[in-house]
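Throughout, residue positions are numbered sequentially from 1 according to the sequence presented.
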Amino acid sequence: MAAERDVEVLYQGEPNLEAITAATPDLIVVSSSGADSTLDQVELLSQIAPTLVYDYSDKSWQDLTTQMAEAVGAEERATELLEEFDNKVDDAKNAISPVLAEDNTMSILTYNSPEDSRIFTDESAQGRLATRLGFTVAAVPENAGAAAAGRSDIIAVATENLSLALTGGTTFIINAVPEDADRLKADPTLANTKSVQDDSAYALGYDSFRLDFYSANNVVDRILDALG
């Protein structure tokens with residue numbers, strides 16, 4: 001969608017105020033949390049264009065969509081998009097329900113390497129979407145990992161415990177492509193996990209880490225492709 005509308009990348013990493021100024025934006029949106037936060041630059045950015053600040057760490061992408069739509073007077077369009085997505089989720093749930101009738105448990109994780117993995121809980125955006133699709137997000141045994149400090153959506157798992165933490169009948173890998181799923185299935189330390197033995201570990205794409213209307217639609221499509 002961004003490519004179709006000729007959206008240009010102004011910078012990567014730290015904000016480039018010169019590039020932002022040259023783009024003459026009508027509106028600037030800033031995150032107040034996360035690695036992409038530019039909260040310390042709000043005063044300068046506000047001199048370029050009206051600047052809105054949002055914290056996406058404590059709300060769903062649907063809530064954020066609604067808030068941003070209210071700010072720019074696009075409430076009706078936001079409602080249409082959210083209804084469109086809800087209908088898509090309902091259709092997808094019906095389509096995969098026969099597959100889930102046998103085992104609807106699933107695990108979600110990032111798998112950069114066995115030394116750098118995080119399990120996503122049913123309180124994560126991805127976990128909530130999975131639940132709506134009819135999955136049950138598998139619990140991580142207490143002896144396998146612990147919730148990250150101040151977080152209820154992810155669980156840090158030590159390398160030696162990753163096989164214990166992946167208890168779902170299906171595993172979905174966030175921020176990953178099929179080659180990453182192949183790498184996980186080839187990991188000898190995970191050979192005894194159910195999803196590896198059943199060849200039911202799938203990548204959800206590079207855009208699955210942080211969900212919005214477009215990436216959430218893509219995730220639903222990839223789940224349908226995997227299980228349909």
So [Y] and [X], do their side chains get closer than 4.5 Å, heavy atoms only?
| X | Y | result |
| --- | --- | --- |
| Asp153 | Gln126 | no |
| Thr121 | Ile154 | no |
| Leu184 | Leu109 | yes |
| Ser208 | Asn218 | no |
| Ile108 | Ile174 | yes |
| Met68 | Leu52 | no |
| Thr193 | Leu164 | no |
| Leu162 | Tyr111 | yes |

Tracing side-chain contacts under 4.5 Å among Ile, Leu, Val, Met, Phe, Trp and Tyr outward from Val177 reaches Tyr206
Strictly distance-based, threshold 3.5 Å: is any side-chain N or O of [X] a donor or acceptor partner for the main-chain N or O of [Y]?
| X | Y | answer |
| --- | --- | --- |
| Ser200 | Gly169 | yes |
| Arg128 | Glu123 | yes |
| Arg118 | Ile155 | no |
| Thr167 | Ala139 | yes |
| Thr105 | Ala138 | no |
| Thr66 | Gln62 | yes |
| Ser37 | Ser31 | yes |
| Thr51 | Ala49 | yes |

The complete set of ring pair (Phe, Tyr, Trp, His ring centres under 6.0 Å) pairs with one or both residues in residues 118-137, sequence neighbours excluded, reads Phe135-Phe172
Minimal non-hydrogen separation, [X] against [Y], with atom names:
| X | Y | result |
| --- | --- | --- |
| Leu82 | Trp61 | CD2-CZ3, 3.6 Å |
| Ala181 | Ala201 | CB-O, 3.8 Å |
| Asp26 | Pro50 | O-CD, 3.5 Å |

What distance separates [X] [atom1] from [Y] [atom2], expressed to the nearest 0.5 Å?
| X | Y | atom1 | atom2 | result |
| --- | --- | --- | --- | --- |
| Glu43 | Asp40 | CD | CG | 11.0 Å |
| Asp187 | Ser117 | CG | OG | 8.5 Å |
| Leu133 | Ile223 | CG | CD1 | 5.0 Å |
| Ile173 | Ser107 | CD1 | OG | 11.0 Å |

* **Pair Leu44-Gln41, side chain to side chain contact (heavy atoms under 4.5 Å, CB included): steps then yes or no** => CA-CA 5 Å; Leu44 292 174; Gln41 302 278 356; 3.5 Å; yes
| request: Establish, from distance only, whether the side-chain atoms of Ser215 and Asp212 form a donor-acceptor pair under 3.5 Å. | output: yes
- Task: Could you tell me whether the side chains of Thr131 and Asp122 share a donor-acceptor contact shorter than 3.5 Å?
- Result: no
With sequence neighbours left out, the residues meeting side chain to side chain donor-acceptor pair (under 3.5 Å) with Asp225 are none
Margin query: Salt bridge or not between Lys185 and Asp199? Use side-chain N to carboxylate O under 4.0 Å.
Written below: yes
Discussion item. Determine whether Phe85 and Asp90 satisfy the following criterion, side chain to side chain contact (heavy atoms under 4.5 Å, CB included), listing intermediate values before the conclusion.
Written reply: CA-CA 9 Å; Phe85 180 74; Asp90 290 340; over 6 Å; no
CZ/Phe213: more than 12 non-hydrogen atoms of other groups inside 6.0 Å: yes
Are [Y] and [X] connected into the same hydrophobic cluster when the rule is that any two of I, L, V, M, F, W, Y join if their side-chain heavy atoms are below 4.5 Å apart?
| X | Y | result |
| --- | --- | --- |
| Tyr54 | Leu39 | no |
| Val53 | Leu27 | no |
| Leu45 | Val29 | no |
| Leu64 | Val30 | no |

For Thr189 and Ser163: C-alpha separation, side-chain torsions, deciding distance, then whether side chain to side chain contact (heavy atoms under 4.5 Å, CB included) applies. CA-CA 7 Å; Thr189 67; Ser163 62; 5.7 Å; no
Residue pairs passing the side chain to side chain donor-acceptor pair (under 3.5 Å) test with at least one member in residues 168-181, sequence neighbours excluded, are Thr171-Ser195, Asp180-Arg183
In short, side chain to side chain donor-acceptor pair (under 3.5 Å) pairs touching residues 72-87 with sequence neighbours left out are Arg77-Glu80, Asp86-Arg132
Without placing hydrogens or testing angles, list every side-chain donor-acceptor pair under 3.5 Å for residues 17-24, not counting sequence neighbours.
unit_1, atom_1, unit_2, atom_2, d
Thr21, OG1, Leu17, O, 2.8

- Evaluate side chain to side chain contact (heavy atoms under 4.5 Å, CB included) for Asn104 paired with Val99, printing each intermediate quantity in order. CA-CA 8 Å; Asn104 76 334; Val99 179; over 6 Å; no
